[in-house]
Structure formats: C-alpha cells, structure tokens
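Inspection log for the structure reproduced underneath, given as structure tokens.
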Amino acid sequence: MNSSEIEHNVKCIFENFSNEEFVFDFLLAYGISKTSVTRLKKGDFNLSKVKGELLYKNKILFKEEDDDSLLSTIDAISKEERILKHKPRFAIVTDYETMVAKDLKLKRNLDIPLQDLPKYYSFFLPLAGSEVYNSSNDNEADRNAAYKMAELYDLLIHENPDIYNSKETVHNLNIFLSRLLFCYFAEDTGIFEVESVFTNTLAQHTTSNGSDTHLFLNRLFERLNTKSENSLPDYLVKFPYVNGGLFKDKIESPIFSAKARKILIDLGGLNWKDINPDIFGSMIQAVVIPEYRSDLGMHYTSVPNILKLIRPLFLNELYETFEKHQNNVLQLRKLIQRIAGIKFFDPACGSGNFLIITYKEIRLLEIKIIQQIIALEKIDLFTAAFTTSVSLNQFYGIELDDFAHEMAILSLWLAEHQMNKVFEEMLEGYGASKPILPLKEAGKIVQGNATRLSWEEVCPKSKDDEIYIIGNPPYLGSFLQNKEQKQDLAFVCKRFKSYKDLDYIACWFVKATDFINDEVVKAAFVTTNSICQGEQVILLWPFVLNRGLEIFFAYKSFKWTNNAKGNAGVYCTIIGLQNASNEPKKLYDNTMCYSVKSISPYLTTGTNTIISKRMKPLSKLPVMNYGSKIVDDGNLIFSNEEKNRLVTQYPETSSYFKKLAGSAEFIRGLERWCLYIDDNKIEFATSVPEINNRLKAVSEFRRKSTESSTREMANKPNRFYYSVHNNSDSIIVPRTSSERREYIPMGFLNGDTIVSDAASVIYNAEAWIFGVLTSRIHMVWVKTVGGRLKTDYRYSSQLCYNTFPFPEISLKQKENLCLYVFAILDERAKHSEKTMAQLYSPDTMPIGLKEAHQELDKAVEQCYRLQPFTSDTERLEYLFKLYEEMTKKDTLFAKKKKVRKSKI
DNA sequence: GATCCGACATTTT
DNA sequence: AAAATGTCGGATC
C-alpha cells in the first residue's frame, strides 16, 4: 500500500464515521490486515484489559477519554510499564473531537481536531511499514557520507598517485573502499558485535601521522579473511571472520597521510545505520568516478520510480496471489517456495538499486506471508522459528563500471542484513536469521558490457524459470553515443534498417526480447520516451511485436526526477514486455491507471499501426520543405540593435539583410535578421569590416566541424548550409511548440522573411492548406505519430505531414475551407498587439479565435465524413484506418508502375 | 540533398 | 531557483 492510497483510506474513515469503529477503520486504513483487525475486535489480540483501551503489540495504544485532560492522559499512559513492554509505536488518546498522539520512537507529538486527521495522515505512516526501508526522502545521511568519502578518496589519490597507473590498481582501490564501507556499516549495525570497534581500534592502534594506517588495515583485512583465531593479537580477536569474497584477495592498502587518517576516523562517527544501501551506492559511485561528480547521483533511479516498475511487473501479482490464498496455509507455503525460485535480473544494475529495492520488497512480502501462516496455524511463540527462503543468489546483474559493480555486491549484503533485522522484529519470537557472517551468498553481479555479454550466461535460464528483467539502462540518442557505444548498437541492432537512429537503450530492449522466449520471463525498463516517439518507433517495435511480445503495462511520459542536485533533462516512460496474452493491459498516466485492451508502441490504446517516414505526401498536398539551415555559430544572425547599428554606419548594407523566422521568432513575435549576401556582392560586402569579420568567423567555425558537409561550406561563408528560400510567400510551421497549446501556431509570411530550420515551410501554398494543418484532427495525428521534444509537439514533414491521410477534395470544398481560414486570420488581426504565444496559450486564448478554430475543425472533419467525430480516440482510429487504406493503394500503385516500367 | 533528434539548452517567470 | 518552452548543428539516410 502506498502513501496516497493510505491518504485516501484515511479520508474515507470520515465518510461513514462511528466512534466504535474508528480505531479499527484507522488500522485498516494503514494496511493492517483484516484478520488482525478482526482478532483485535474479538479481543484476543488486544493486550490491554482496561476498558476503552486497545493495545496492539508493536503498533498502537489507543485510549478513549471523555474529559478534557487528553494531554496529561497521554503523557501518563505512555510511561506505564504495562504499556511500554509491548512496544507500541504510537499512543493515541481521543474524545472523538480532539486527537492527541505520540510517536514513541521518534518522540514526536500530534494534537489536532480529529476531523483533520486526513491532513496529518503521514504522521502514522510508520504503521504501514513504509518506514521499514524508506524512512526519509532527504538522504542527508547518504549525502554526508558520500561527500566525506569523496574527500578521503581525493586525498588517497593525491597521496598515492600511482593508483591510476593501471586498471588493476584502480580495481584494487575500488575493493579497498568497498571494504572500508563494509567496516563502517558493520560496526554500527551489529555485524561486528562490538560497537565502533573498527574506528576505535583504528584510532588506538595507529599513529596520528598516518604512516602505519595502511599496515593496520592490511592486517585487519587479513584477519577478516581468516577463520582461525590462533596467534592473533588481542585487538584483532574482537573482529569476526567475514570473507565472502569481499576480503578474499590480498590487496595492498594505500598510504595514508595524517589528514587522510583523520578523515578515516571521522567517517566512523557518521551515522551508518541510517544509510540507504539503495541510494548510497549510486552516490558514492558518483563521488568516486570523477566524470560523474558534477552531477552527483544524477542517474540513479528514485525509489518511487523503481516501485512504478516492479509493482506492475511482478509485485502486484504476487500480492494478489497472497490475498487469494490468505486462508490456505499450504498455498501460502507454496507461494513462498515460488518466490524463493524467482530470478531477478538487472542488466544495467549500476550500484544495484533496483535489485536492492526488489530484494527488500520481496523480503517484506515473505514476512507478511509468514505472519499470515502464523496467524492461521495459531503457532505458539518460540515453538517454531521461521527463516527466510529468499536468497541473494536470486539476484543477477550486469554493470560496466567496476566500482559500481563492487558497490552493488556490497549493498546487497547490507540490504540483507537490514532485512534480517526487520524480519526478526516483525516476526518477533517467530523469526530467526542465519548469522550474516561469514558472508556466504552474494548477488551475482558481473562486471561487463551488457550489450556484448550473453545474458543467458550471466543469468542462466532453464525451462519454467520465473525471471524478471528490470532496470534503467543508459539513454543516448544517436549523436551522443561515443564510438564504442555506436559499435555496441551495431553489434546488437545491425539486423534492423536505419538502426543508427536508435537510442542506445534499444540494445536492452532487443536483448530482452531475445531473452523472453518463455512465458514466465517478463521484462520492464525505465526508458527515455524517445523510443516511443517519432522515427524510432518503426525501427524498434516491429521487431519486438513480431517476436510475439506485447507491452503489458506502461507509464506515459513523466519528467525524470530523483533527489540528486541537478536532474537529468529527459522524459521517461516505463515499459513492460511479455509474451502476448489476452489479459487486459495496464496503461498508467501519472497517478491514473487505465485497463485497456492493448497498448501500442506509441503508448496509446488501440491499433498497433506504426507510421513510417515518407519522403512525399501520402495525400494530395503540396510539398513541405525543411527550413533553411545556416550553421554559422550565430555569426550571420543579427538582433535588431546590431542590425540598426550597422545600417546606420553603412547604409548600403541594409540590402544584405533578411528577416529570419524560426519557431521562437514566429511564436514569441521576436525579430531577428540574417545576412543574406549574393555571391556576386561578396566582394563589396567584405569591405565592411564587421561583415568581413563575421564571415571569417563562419568559415572558421565550419572548418572545425566534425562533419564533412559542413566543412565543405567553410569557404562559402555567405551561403547557408542548406537553403530553400525563394522570396515567395509561405506558410510557416514551427518545428517545436508547447504541448499545452491546443493548436500549433502557424501562419503566413511574405517573401521577405527567411524561414529557418527551426520551422518547416510550404511556399506558395493555397490558404486551405493552412486550414488542414491547423485543424484539430491534424494536431491529434501530430501528437500521436510525430516526434517530441520532451512531451511537446515536434513537427516534421516526414512523420507528420507526408504521412497525414487527407481525402482529395473538390474546388468548392477548398473554397469553403478558405472562408474559415480567413475567419481565423481576422480574429488574430483583432489582437495584433499580442504574440502567437499569447493568442494560443490555453490561459489567454481569445474566445473569438477559439471559436473560429472550432468552426474550422468541423469544416476540415467534414472533408472526411459528414458524421461528426465525438472524441480524439475516434479521430485517431479513423485516421489510422484511412492511413492503412491509402498506403496499401499507394504501394500497389508503386508496384504496378514498377512492373510496367520493367516491361518496357 | 534533406532532416529528426537531444540522460538537452536556454529563456521566462 | 523553478518553470516553461524551443536553438542549433551533428549524424544519418
């Protein structure tokens, strides 16, 4: 149960309120099981014999009180031994008008009108167990520790400059740091029996100048890898045997300065108990890898986002199975067996946060099942101790970065230890954990390149194995990939045409598709939304779908966020893949979840039709051009002031200037100018020093380009890289525009204005074309099949315009459309002082303009059919159908043409 | 020759 | 500092 569900539940208590039921409704709202609440009602779970009191072990003490001494009552009662021995987390006293409560663990108080409880619902969230692994959101402990570690790391590098000389020494340093972290954690959490034994012994047995610190650590680490305690000096006997691979190899510790030693000891003073292994790993990794340091932990996946993925992938289903069999011990035991057999595989695991959260969630579920078994079998306390069936061996991962991969292994151990504690606490006398030391099992995390490794070798798959592939692999658009990554992409995706346009993450989707050939294997990734938009859709998804897979759940685009300082600028989706089935699919949009028949690669419901780029319009429409592209590093472009200054000084230069319009200029009503100099005037133009300088700068810039076609234009700096301008009137179609607008603002320009490559353009277009382009039905099409910048419109001729199915219409119909177009232009003219941004903002769009658009919408839709469309879904379905019909005809026609030609 | 995209980039509030 | 919203030119076909 998540916190928003709880918030909702708490609100519901007051819809049907009764004093008698309140406390039980309250517990149910926080996810306490029905069986427990029933037994509380009956009384056999109620540990208080006092009337009007309810005492529920480890959870709450609840007391009704009539007079107005609520506060003194709660103070008194929360000191009573008969109460405290059952360790309730909360004490609550109420007269059903006011509620006072105490969090006995955090020593926090609450004093509110009972009615206001929904506002303060989060006070009681620990009842729901959310504190178990996610106590705070601010990660202060993690951040402090990470920064302090960074300080130590920098000093060590500084004092041991040879470390970076070889891969092996870097790897050794990684392991060394990982060992230190383990020791800090161990001395704070009881893995080492004596508290602070590591830091204290270190402080006592090393000199303050740091010169023998490395010797001490060498000896200590050797001890941690030695079973026998014979002939050990006293101070090392206090440490246990750990091993588990972590201390297996002998590694020379780096040399410490006095300062480094001091930081080493200071680090021991931090509160390692509160470290979240799931997040800390990413932070420490970010700190240790210099390139990542500037964006500390930028790409670790937040817990809410991990839950968004693992819940629909497997957790919800496991919980449903649990609910279904909650009264059947045999089935419950079977469920535990099943859980113990599942493999979880993150082929881009980083420092392991998906695996760790999954591990914790699975352990938590197991605990709940065991609690239910205990309740059902009425087992006597201490007669049977349950141990966990979940093992770290079920967790598989691949990680490229060596340090991250060490952190993943370490963090899983830490998570295991933490969950062992939770296991014992929540099961009280019924649960026992095997001693964590010596470390035995470990997550199977392989260091390597996931695009190259055989996934089956990392995570062996035998028939009927239940496997879930999870993770958040790297996203890189084609022009952000480096050489190796391009080769990786080629290695995995060569079999597709135009594979080079794919995002790097496509490798993971392709390999996951290859991996899922069994119905019990499912996969889900957090991914950039790019693979579900625009040109990539046709490259990737036919392959996946043709393999018999389906998208069985998906989250629509959401902005990437985590707790790191600077967030990556990207929009994500989450996509779940499995073998095709008849089950309904789950499509999530923010907090809403829709049950739908199918989810298309565009993450819409309905058909799986995918649009291909087209070079020419499918419908009878004029050619749309790509705007003129300068490639000048800004040198040919002038602001108003710059231009005026030059023209004042050299009046003859005014003829070299043309207005330049891209999306921003057109939408926001900005004015910019560009130099547009004929080849035959260049000699004269360069006599003006500023122009000469600017042209030189263009040459220089183009010469340095990595792209040959740009370099070729270096000696023609007066020319554009690519130009379609022909001095005639045009319709400008901004290439990018905010999704908040109902219509992309388009417009007519005259031949004085050059349309830049930030927009598309149709020259000499008839007015009715404008009508078709700005129509709602076209916007619906653009939104679905076009690319996007984040989630905004991104208009492109090949995807949006050339693919748009529009019927052939008569002259009369065209004339009719023109009337509506002129009406829109008239409405715009009434507000000539306003920019397009103002006119088309959903907040400020003038009513008249809106109505004129709606009239046009109707007129355009009448070109398709007389019966009006009632929804965008209907429009889309109609368009896709028409698209299929028209493309079929088109290809038949093309084939016929070919045949005829070849006969000749 | 033409063009789609951005683990973004820059402006606006 | 957060929110809004579209540049620019490489890489690719």
Side-chain angles (χ1 to χ4, degrees), chain A residues 292 295 297-301 348 472-481 486 489 497-505 526-531 533-539 559-562 564-572 613-616 623-637 660 662-668 670 672 701-702 704-713 720-724 734-741 744-745 756-760 786-802 835-837 840-843:
Chain A
Y292 295 172
D295 46 44
M298 201 171 174
H299 295 156
Y300 82 83
T301 314
N472 175 19
Y475 327 150
L476 291 163
S478 65
F479 65 81
L480 288 174
Q481 296 158 15
K486 280 187 198 303
L489 187 68
K497 75 166 197 210
S498 298
Y499 70 89
K500 285 179 179 173
D501 283 331
L502 280 167
D503 194 284
Y504 192 44
I505 200 176
V526 179
T527 168
T528 167
N529 62 7
S530 299
I531 60 161
Q533 295 171 1
E535 63 179 357
Q536 294 198 43
V537 180
I538 190 102
L539 303 180
K559 198 175 186 325
W560 171 267
T561 52
N562 62 21
K565 273 194 281 178
N567 272 185
V570 66
Y571 276 67
C572 302
K613 289 201 276 193
R614 289 184 70 91
M615 300 303 287
K616 283 182 188 147
V623 170
M624 179 181 279
N625 287 299
Y626 194 79
S628 301
K629 182 161 155 171
I630 310 184
V631 187
D632 63 335
D633 199 25
N635 288 297
L636 294 184
I637 298 175
L660 182 73
S663 301
E665 290 79 18
F666 180 72
I667 292 173
R668 292 212 271 259
L670 310 174
R672 284 210 297 176
F701 176 72
R702 288 183 182 169
K704 281 194 208 134
S705 170
T706 55
E707 203 219 325
S708 61
S709 53
T710 304
R711 289 198 301 274
E712 276 166 31
M713 297 299 288
F720 287 8
Y721 171 87
Y722 168 76
S723 178
V724 284
R735 179 141 304 138
T736 49
S737 170
S738 168
E739 65 169 342
R740 301 201 321 127
R741 296 175 188 132
I744 299 176
S756 87
D757 65 328
S760 292
R788 307 239 174 163
L789 186 52
K790 351 178 270 304
T791 51
D792 286 343
Y793 294 105
R794 162 173 250 143
Y795 200 96
S796 66
S797 54
Q798 290 189 356
L799 285 163
C800 302
Y801 181 77
N802 293 345
T835 64
M836 284 292 159
Y840 284 86
S841 157
D843 310 323

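Any value given below was found using the heavy atoms of this structure, including those in side chains, with hydrogens, waters and symmetry copies removed. Quantities reported herein were computed from a predicted structural model and do not represent experimental measurements.
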Q.
For a quick check under 3.5 Å, do A:N472 and A:T301 share a side-chain donor-acceptor pair by atom type?
A. yes
Q. Which is true for A:R672 with a 4.0 Å heavy-atom rule: it touches a base, it touches only sugar-phosphate, or it touches nothing?
A. sugar-phosphate
Q: By nearest nucleotide on DNA chain B, pick out whichever of A:L670 and A:S478 is the more 5' one.
A: A:S478
Q. OP1 or OP2 of C:dG6 sitting under 4.0 Å from any side-chain N/O of A:R741?
A. yes
Q: Ignoring the backbone of A:S738, work out which of C:dG6, C:dG9, C:dT12 is nearest its side chain.
A: C:dG6
**Q.** Candidates C:dC13, C:dG6, B:dC5 - which lies nearest the side chain of A:K500
**A.** C:dC13
Q. Between C:dT12 atom C1' and A:F479 atom CZ, what is the distance in whole Å?
A. 12 Å
Q: Mind checking A:D632 for me? I need base, sugar-phosphate or nothing, with any heavy atom below 4.0 Å counting as a touch.
A: sugar-phosphate
Q. Could you walk me through whether A:L789 and A:Y571 pass the side-chain contact (heavy atoms from CB on, under 4.5 Å) check?
A. CA-CA 9 Å; A:L789 186 52; A:Y571 276 67; over 6 Å; no
Q | Atom-to-atom span, NZ of A:K704 to C1' of C:dG9 - whole angstrom | A | 15 Å
Q: Drop me the distance from A:R735's CZ to A:S760's OG, to the nearest 0.5 angstrom.
A: 3.5 Å
Q. Reckon A:S705 has a side-chain N or O less than 4.0 Å from the OP1 or OP2 of C:dG9?
A. no
**Q.** Test side-chain contact (heavy atoms from CB on, under 4.5 Å) applied to A:R788 and A:N529, step by step
**A.** CA-CA 9 Å; A:R788 307 239 174 163; A:N529 62 7; 5.5 Å; no
Q) What nucleic acid atoms does A:D633 come within less than 4.0 Å of, heavy atoms only: base, sugar-phosphate, or nothing? A) sugar-phosphate
(Q) Within the 4.0 Å heavy-atom criterion, would you say A:P474 contacts the bases, only the backbone, or no part of the nucleic acid? (A) base
Q | A:S797, nearest nucleotide to its side chain (from B:dC4, C:dT12, C:dG9) | A | B:dC4
Q | Closest-nucleotide 5' rank along DNA chain B - winner of A:N625 and A:R788 | A | A:N625
Q. Rounded to the nearest Å, what distance is computed from the OH atom of residue A:Y475 to the C1' atom of nucleotide B:dC5?
A. 17 Å
Q | Side chain of A:E707 - closest among C:dG6, C:dG10, C:dC13 | A | C:dG10
Q: Establish whether the base of C:dA11 is bridged to the side chain of A:Y499 by a donor-acceptor pair shorter than 3.5 Å.
A: no
Q) Taking CZ from A:R711 and P from C:dG9, how many angstroms apart are they, rounded to a whole number? A) 16 Å
Q. Does a side-chain N or O from A:R794 land closer than 4.0 Å to OP1 or OP2 of C:dG6, or not?
A. no
**Q.** Value in whole Å for how far the C1' atom of C:dA11 lies from CG of A:L489
**A.** 13 Å
Q: Starting from C1' on B:dG1, measure out to CZ on A:F720 and report it in whole angstrom.
A: 17 Å
Q) Picking from C:dA11, C:dG9, B:dC4, which would you name as closest to the side chain of A:S796? A) B:dC4
Q: Can you check whether any acceptor in the base of B:dG1 is under 3.5 Å from a donor in the side chain of A:K629, or vice versa?
A: no
(Q) Under 4.0 Å, counting only non-hydrogen atoms across every strand here, what does A:K486 touch: a base, just sugar-phosphate, or nothing? (A) sugar-phosphate
Q: Please report the C-alpha distance between A:M615 and A:Q798 in whole Å, then the side-chain angles of each, then the deciding distance to 0.1 Å, and finally whether the side-chain contact (heavy atoms from CB on, under 4.5 Å) criterion is met.
A: CA-CA 6 Å; A:M615 300 303 287; A:Q798 290 189 356; 3.2 Å; yes
Q. Roughly how many Å is it from CD in A:Q481 to C1' in C:dA11, rounded to a whole number?
A. 10 Å
Q | B:dA2 phosphate, OP1 or OP2, under 4.0 Å from A:Y722 side-chain N/O | A | yes
Q. Which of these nucleotides, C:dT5, C:dA11, C:dC13, is closest to any side-chain atom of A:Y721?
A. C:dA11
**Q.** Distance below 4.0 Å between A:Q798 side-chain N/O and B:dA2 OP1 or OP2
**A.** no
Q) Considering residues, nucleotides and ligands other than A:K616, do more than 12 of their heavy atoms fall under 6.0 Å from its NZ? A) no
Q: Report yes if a side-chain nitrogen or oxygen of A:S663 is closer than 4.0 Å to either non-bridging phosphate oxygen (OP1 or OP2) of C:dT5; otherwise report no.
A: no
Q.
I want to check one thing: is the phosphate of C:dG6, taken as OP1 and OP2, less than 4.0 Å away from some side-chain N or O of A:R668?
A. yes
Q) Taking the side chain of A:Y626 as its heavy atoms from C-beta onward, which of C:dG6, C:dG9, C:dA11 lies nearest to it? A) C:dG9
Q. Across all strands, who's sitting opposite C:dT7 as a Watson-Crick or G-U wobble pair, both distances under 3.5 Å?
A. none
(Q) Quick check: do A:P734 and A:I744 have side-chain heavy atoms less than 4.5 Å from each other? (A) yes
(Q) Rounded to whole Å, how long is the line connecting atom CD of A:E739 with atom P of C:dA4? (A) 11 Å
Q: Check every strand shown and say whether A:T710 touches a base, only sugar-phosphate, or nothing at a heavy-atom separation below 4.0 Å.
A: sugar-phosphate
Q.
Over all strands shown, is A:I630 touching base, sugar-phosphate only, or nothing at heavy-atom distances under 4.0 angstrom?
A. nothing
Q.
When you measure from the side-chain N and O atoms of A:S737 to the phosphate of C:dT5, is any distance below 4.0 Å, counting only OP1 and OP2?
A. no
(Q) So A:D792, base contact, sugar-phosphate only, or nothing? Heavy-atom distance under 4.0 Å. (A) base
Q) Do A:R741 and A:I667 touch side chain to side chain, with heavy atoms closer than 4.5 Å? A) yes
Q. With a non-hydrogen cut-off below 4.0 angstrom, is A:Y504 in contact with a base, only sugar-phosphate, or nothing?
A. nothing
